[in-house]
Amino acid sequence: MVAYEGQVNFKSAGFGGGDGLLAGMKQRATGEGLSLMEASGSGVVYFAHNAAETTIIEMNGETLQVESQQLMVLNGNLQTNVTFAGVRGATAGQGLFTTTVTGHGQIALLSQGGPLIHLEVSPQYPLVVDPDAFVCARGALSQSFVTDVSWRSALGQGGGEAFSLRWDGTGVVSIQPAER
């Protein structure tokens, strides 16, 4: 919160929007940290974080898989959870777990380097992205790990990303135009 107008009250929403002690213990054990603040009352609240771009996404009952450090604001009837991300998180240095947001409402996501880039994934056109640029994914998607490690890359002569994420299925993957 950088400013507010009106009669607004703030309190800690704990880990994952007030999901209680169990959610807090789960996030501590997995290393996926999401500490939220709850704003209530009437008025307008302005949010910002390190001059990052902000994108608002409408959630209509689907599940969004998101990097917790990219999540700024939740609005409406949305629940958060921590799920296993597999090797993607480990390669990006962010751990083996990720945050999911499910329900109805709005979510504000942060991106560095400019606004989020939303990329369509279809069965005919799978998508490969840099794990350091990945922000979120939604839809009927499966994720796999792609490696391009060879003797040339081991000697520092490789010509690309050593590790990438491949998305198959139908949905949207959003990336930021900068790497973490």
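- Judged purely by distance below 3.5 Å, without hydrogens or angles, the side chains of Q79 and N77 pair a donor atom with an acceptor atom.
- Of all the heavy atoms in P177 and P115, the pair that sits closest is CD-O, 3.5 Å.
- T63 pairs by the side chain to side chain contact (heavy atoms under 4.5 Å, CB included) definition with T100, T102, not counting sequence neighbours.
- For the pair R166 (side chain) and S142 (backbone), a donor-acceptor distance under 3.5 Å is absent.
- Counting all heavy atoms, side chain and backbone alike, T170 lies closest to P123 at OG1-CD, 3.5 Å.
- By the side-chain hydrogen bond (donor to acceptor under 3.5 Å, both in side chains) test, T54 pairs with no residue at all, sequence neighbours left out.
- Atoms CZ and CG, from F134 and L119 in turn, are 11.0 Å apart once rounded to the nearest 0.5 Å.
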side-chain contact (heavy atoms from CB on, under 4.5 Å) for R180 and Q112? Distances and angles first, verdict last.
CA-CA 8 Å; R180 285 184 274 288; Q112 298 296 323; over 6 Å; no
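- Tracing side-chain contacts under 4.5 Å through hydrophobic residues (I, L, V, M, F, W, Y), one reaches L165 starting from I117; they form part of the same cluster.
- With E67 contributing its side chain and Q69 its backbone, the two residues share no donor-acceptor pair below 3.5 Å.
- The main-chain N or O of N60 is found under 3.5 Å from a side-chain atom of E62 such that the two form a donor-acceptor pair.
- Summarising the geometry of G171 relative to L141, their closest heavy-atom pair is N-CD2, 3.8 Å, with the distance given to 0.1 Å.
- How far CH2 of W167 is from CG of L127: 9.0 Å, rounded to the nearest 0.5 Å.
- Residue H49 qualifies as open at atom NE2: its count of foreign heavy atoms under 6.0 Å is 12 or below.
- Surrounding CD of E58 are more than 12 heavy atoms belonging to other residues, nucleotides or ligands, all under 6.0 Å away.
- Cluster annotation: V73 and Y4 are assigned to the same hydrophobic cluster (Ile/Leu/Val/Met/Phe/Trp/Tyr, side-chain heavy-atom contacts under 4.5 Å, transitive).
- Within the model, atoms CD of E38 and CG of N9 stand 10.0 Å from one another, a figure rounded to the nearest 0.5 Å.
- One distance of note links CZ of F47 with CE of M1; it measures 8.0 Å at 0.5 Å rounding.
- How far CD1 of I175 is from CG of L116: 9.0 Å, rounded to the nearest 0.5 Å.
- Partners of Y46 according to the side chain to side chain contact (heavy atoms under 4.5 Å, CB included) rule, which considers only residues two or more places apart in sequence or in another chain, are V2, A3, E5, V44.
- Judged by distance alone, the side chain of N50 and the main-chain N or O of A52 form no donor-acceptor pair under 3.5 Å.
- By the criterion of side-chain heavy atoms lying less than 4.5 angstrom apart, applied directly or through intervening Ile, Leu, Val, Met, Phe, Trp or Tyr residues, V8 is grouped together with M72 in one hydrophobic cluster.
- Checked options N75, L64, T80; the residue passing with I107 is L64 (criterion: side-chain contact (heavy atoms from CB on, under 4.5 Å)).
- Of the inter-residue distances, the one linking E53 atom CD with L109 atom CG reads 12.5 Å to the nearest 0.5 angstrom.
- If you chain together hydrophobic residues whose side chains sit under 4.5 Å apart, I56 and L110 never meet in one group.
- Both L71 and I57 are members of a single hydrophobic cluster when ILVMFWY side chains are connected at heavy-atom separations under 4.5 Å.
- Donor-acceptor pairing under 3.5 Å is recorded for the side chains of Q176 and Q70.
- In plain terms, the two heavy atoms of G103 and L78 that are nearest each other are C-CD2, 3.5 Å.
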